[in-house]
Every structure is written in C-alpha cells, then in structure tokens.
Amino acid sequence: MVIVQEKGKKGTLFCDRLAHFAVLALIDEAMLTPKPGLVDKESKGAHTDMSIDLMLKSAYALQSTFAEMAEASIGQFPSQDLRVKLAEIGRRGEQIMFQTTNGVNTHKGAIWALGLLTASAAIHGPHVSPQKIAQTAGEIAKYKDRCTSELITNGLKVKKKYGVSGATGEAQLGFPHIVHIALPVLWRARKKGLSETTARLDALLSIIAHLDDTCILHRGGTEALSSAKAGAKTVLDVGGSSSLEGGRALIELDRMLLSHNASPGGCADLLAGTLFLDRLHGSFLNNGGVLVGNINF
Ligand SMILES: CC(C)(COP(=O)(O)OP(=O)(O)OC[C@H]1O[C@@H](n2cnc3c(N)ncnc32)[C@H](O[C@H]2O[C@H](COP(=O)(O)OP(=O)(O)OP(=O)(O)O)[C@@H](O)[C@H]2O)[C@@H]1O)[C@@H](O)C(=O)NCCC(=O)NCCS
Ligand SMILES: Nc1ncnc2[nH]cnc12
C-alpha cells in the first residue's frame, strides 16, 4: 500500500475537505426525494421521530467527527491501534448525534460507514480509486473493536436471529454494495443522460434490491426484507425511477414499506457512502489531479 499523505497544515486542510465531503454526502442523501420508507424533503417515511431538518442538523453536527477520523488516519496504515482510535472517535460521534437529535438514531450506520471510508481516503490521498478506498476501509473494519459496549443493539439481535452480517459484514467485505452495485448504476445512469435525481434514486434502489438491511429486518422481519428487495428490483426492471411504470412501482414500494413500518436506513447510509466516493473521485478527475479547493499531492 502506498501512503501519500502527510501530517501538518496541508494534511489538516485535506482532512477538513474529506469531512466536508462526508457531510455533503449525508445532506445529498437526506435531500434526495422521493425515497421509499425514508425521510426526505416531502415525507418522514416510516420514522415518526425524524424530519428533514433533524437529518440535516445531525449531518452538520458530524463534521468534526469525520475530520477527527481523517486526522487520526493520515500517514497511517490499517492497524489494531487505528481501529481502536477510530472506534473511540466514532462512539463520541454517536454521542454528538444523540445530543443533537435529542436521542434519535439518525446516522449511527452512517458514522460507521462514512467514518471508515473517510479514514481510508485520508490514508490514501486523492490519487486512489473508490474501489481501493473501500477495500482499505474494509481492512480497518476487520480489526477487533476492543471496547464494544455491553449494549444489545437492534443490529446484534437481528444478526443472531436471521444469520445476516449487517453493517459490520458489509464494511469488512470492502463495501461490495457500494463498489459493485451502486456506483456502477449511478455512473451508467449519468452516461445515459438521466437526471442526477434519477441516477441517485436508481443507485439507492439497486442497494435496496440486494442488501440485507438490519433496519428493515428489525422492523418488518424477513417478509418486509424480501418484499423490499423484490419491489426495488421491479422499479429497476420496468425502466427505473424516472419511467412511468417505474414511478408507479416506486410508490408501491413506499406503500409496502410503510405498511410494515419498515425503513431501508442501512441502504440510505450506503447511498451516502456511494455519494462520498463519487464526489471524491469526480472532484479529483475534474481538476487534473487537484482535490477541489485543496492541495495538489
Ligand atoms: C458496528 C456498528 C455499526 C454497530 O452495529 P450493530 O450491528 O450493533 O447494529 P446497530 O447498532 O443496529 O447499527 C447498525 C446500523 O447500520 C445500518 N445498517 C443496517 N444494515 C446494514 C447493512 N447491511 N450494511 C450497512 N449498514 C447497515 C443501519 O443504520 C441506519 O438505520 C438506523 C436506524 O436503525 P435502527 O437502529 O434499527 O432503528 P431505530 O429507529 O433506531 O430503532 P427502533 O426505533 O426501530 O427501535 C439509522 O440511524 C441508519 O443509520 C443500522 O442501524 C457501529 O455502530 C459501531 O460499532 N460503532 C462503534 C463506533 C465504531 O466502531 N466506529 C468505527 C469507526 S467508523
Ligand atoms: N433519509 C433517512 N431516513 C431515515 N433513516 C435514515 N438513515 C440514514 N438516512 C436516513
């Protein structure tokens, strides 16, 4: 692995820029409308305790968490020490989120996924592909979290009950749903000339069609999960979210999720991860190797 990053003023600027990209990814995900079962500009989806304002407030509050994660990773390799440091920053980030939202779980999964991706991007610098960044994030995630709390989370219960690998498994495999599914769908849709909203919605649907989302499983069990996967696949098969039939199928998917009180929260987090890597990649490509507003490595 080539380490291109350095500490110091240049490094701090780069870390701030990465954290800014992570926050922008959360904002882009929240603002994307209409999303099935999720909070967006027009709906609270299956979440009575959330709103678009709360999602945005939570996103802005996490800037310092992502910057700290990047700072801790710059000039480092994936290691047990780095994993422990990131877990500590991540847990403090979760506290910041809960304080900001008065106890509502807006972005726990996103702190995990974007935190690892931000850390990996700080290790590598901007010359590296999204695939490589996701792979190194997976290497960090494979080290043991030595400070796990005694709390039995929704994810743990669901993983035990249904034998799925959840947010941890997704990260340890190097985020396959981002790299092999959502990014190709996003890029293909843009190449076809579809609108940015359509491209992002189709990318989200491609994740829903494949992911074992513990958020859906926890709220609606296997019936909700298999209906969500089938419903998202139907939207894509009949022409995507911008087609007439696809639009109808999307409304049907939303109705079905709400009838189970289920929400694809984990899929939303992975869409944010997709948009983060996409922005990082685009920013680098569009500026002849210079990360926008930043230093040339
Ligand atoms: C490793 C952790 C992610 C902890 O994971 P755990 O397995 O214990 O599960 P949860 O605490 O349940 O959180 C996991 C969240 O990840 C999202 N997710 C779900 N499935 C997947 C998947 N297959 N791939 C990727 N991501 C996934 C999902 O987050 C979204 O849903 C949230 C709401 O979900 P939920 O809690 O079920 O619903 P609530 O409304 O809160 O509950 P009820 O009201 O229904 O009771 C929403 O916030 C989305 O973000 C899962 O919830 C990690 O948290 C951890 O170890 N953290 C410690 C810090 C750390 O190590 N950081 C490392 C450096 S980054
Ligand atoms: N837009 C959204 N709605 C509900 N839960 C989420 N978790 C992450 N993004 C979300």
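Order of appearance sets the numbers: ligands from 1, and atoms from 1 within every ligand. When reading the values below, keep in mind they use all heavy atoms of this one structure, side chains included, and skip hydrogens, waters and symmetry mates.
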For atom 21 (C) of ligand 1, closest protein heavy-atom neighbour
A167 N, 3.8 Å

Please report the closest heavy-atom contact between H47 and G37, naming both atoms and the distance.
CD2-O, 3.9 Å

Taking 4.0 angstrom as the limit and counting only heavy atoms of D213, give me the atoms of ligand 1 inside it, by number and element.
19 (C), 20 (N)

One finds that the ligand 2 atoms under 4.0 Å from a non-hydrogen atom of A268 are 8 (C), 9 (N), 10 (C)

Should you measure from each heavy atom of E170, which atoms of ligand 1 turn up under 4.0 Å away?
24 (N)

The reported gap from CD1 in I27 to CG in L56 (rounded to nearest 0.5 angstrom) is 6.0 Å

Min N/O separation R83 to ligand 1 under 3.5 Å:
yes

Closest to atom 58 (C) of ligand 1 (heavy atoms only, candidates H210, K108, E94, M69) is E94

Run the ring-centre check on H281 versus W187 and record whether the distance is less than 6.0 Å.
yes

Quick one: closest heavy-atom pair of L32 and T197, and the distance?
CD1-O, 3.8 Å

Distance under 4.0 Å to a non-hydrogen atom of D269: what atoms of ligand 2 satisfy this?
7 (N), 8 (C)

Would you mind listing which atoms of ligand 1 come within a distance below 4.0 Å of any non-hydrogen atom of I111?
65 (S)

Mind checking whether W112 has an N or O less than 3.5 Å away from an N or O of ligand 1?
no

Would you check if I123 and F77 make a side-chain contact, meaning some heavy-atom pair closer than 4.5 Å?
no

In short, F14 meets G125 closest at the heavy-atom pair CZ-CA, 3.8 Å

Is H107 touching ligand 1 with its side chain, its backbone, both, or neither, if touching means heavy atoms under 4.0 Å apart?
backbone

With a 4.5 Å heavy-atom cut-off, do D254 and L250 have their side chains touching?
no

Which atom names give the shortest non-hydrogen contact between E29 and A272, and what distance separates them?
CB-CB, 4.2 Å

Taking both backbone and side-chain atoms of A87, is any N or O found less than 3.5 Å from an N or O belonging to ligand 1?
no

Hey, is T106 touching ligand 1 through its side chain, its backbone, both or neither, going by heavy atoms under 4.0 Å?
backbone

K159 to ligand 1, any heavy atom closer than 4.0 Å
yes

Nearest neighbour in protein (non-hydrogen) for atom 56 (O) of ligand 1:
D145 OD2, 4.1 Å

Compare I207, N105, L114 and give the one whose heavy atom is closest to atom 36 (O) of ligand 1.
N105

L211 versus E170: any side-chain heavy-atom pair under 4.5 Å?
yes

Considering only non-hydrogen protein atoms, determine which one is nearest to atom 44 (O) of ligand 1 and report residue, atom name and distance to 0.1 Å.
R219 NH2, 4.1 Å

Please write down residue, atom name and distance for the protein heavy atom closest to atom 17 (C) of ligand 1.
D269 OD2, 3.5 Å

CG on L38 to CE on M55, rounded to 0.5 Å:
8.0 Å

Quick look: L86 vs ligand 1, heavy-atom contacts under 4.0 Å, and the answer is both

My question is simple, although I want it checked carefully: is atom 10 (P) of ligand 1 less than 4.0 angstrom from any protein heavy atom?
yes

When every non-hydrogen atom of L186 is compared with those of A203, the smallest separation belongs to CB-CB, 4.2 Å

L271 vs D28 side-chain heavy atoms within contact, under 4.5 Å
no

Are any of the N/O atoms on L38, whether in the backbone or the side chain, positioned under 3.5 angstrom from an N/O atom of ligand 2?
no

Pick out which of N154, V158, T153 makes a side-chain contact (heavy atoms from CB on, under 4.5 Å) with T214.
V158

Please confirm whether L26 approaches ligand 2 to less than 4.0 Å, judged on its heavy atoms.
no

For residues N105 and M97, report the shortest heavy-atom separation together with the two atoms involved.
OD1-CE, 3.7 Å

Quick look: D212 vs ligand 1, heavy-atom contacts under 4.0 Å, and the answer is backbone

Minimum-distance protein heavy atom relative to atom 39 (P) of ligand 1:
N154 ND2, 4.1 Å

With the threshold set at 4.0 Å, does a side-chain nitrogen-carboxylate oxygen contact exist between R248 and E245?
no

Kindly confirm or rule out an N or O of R91 lying under 3.5 angstrom from an N or O of ligand 1.
no

Ignoring hydrogens, just give me the one of L117, N261, T214 whose non-hydrogen atom is nearest atom 20 (N) of ligand 1.
T214

Is any side-chain heavy atom of R92 closer than 4.5 Å to one of E68?
yes

Candidate with minimal heavy-atom separation from atom 22 (C) of ligand 1, of G266, G166, A268
G166

Atom 10 (C) of ligand 2: closest protein heavy atom, distance to 0.1 Å, is M55 CE, 3.4 Å

One finds that the ligand 2 atoms under 4.0 Å from a non-hydrogen atom of H47 are 4 (C), 5 (N)

How far is atom 8 (O) of ligand 1 from its nearest protein heavy atom, and which residue and atom is that?
T153 OG1, 2.6 Å

Rounded to the nearest 0.5 Å, how far does CG of D40 lie from CG of L201?
9.0 Å

Give me the nearest non-hydrogen protein atom to atom 31 (O) of ligand 1 as residue plus atom name, then the distance to 0.1 Å.
C215 SG, 3.5 Å

May I ask you to identify, for D40, whether its side chain, its backbone, both or neither come under 4.0 Å of ligand 2 on a heavy-atom basis?
neither

How far is atom 15 (C) of ligand 1 from its nearest protein heavy atom, and which residue and atom is that?
G109 CA, 3.7 Å

Which atoms of ligand 2 sit under 4.0 Å from any heavy atom of E29?
1 (N), 2 (C), 8 (C), 9 (N), 10 (C)

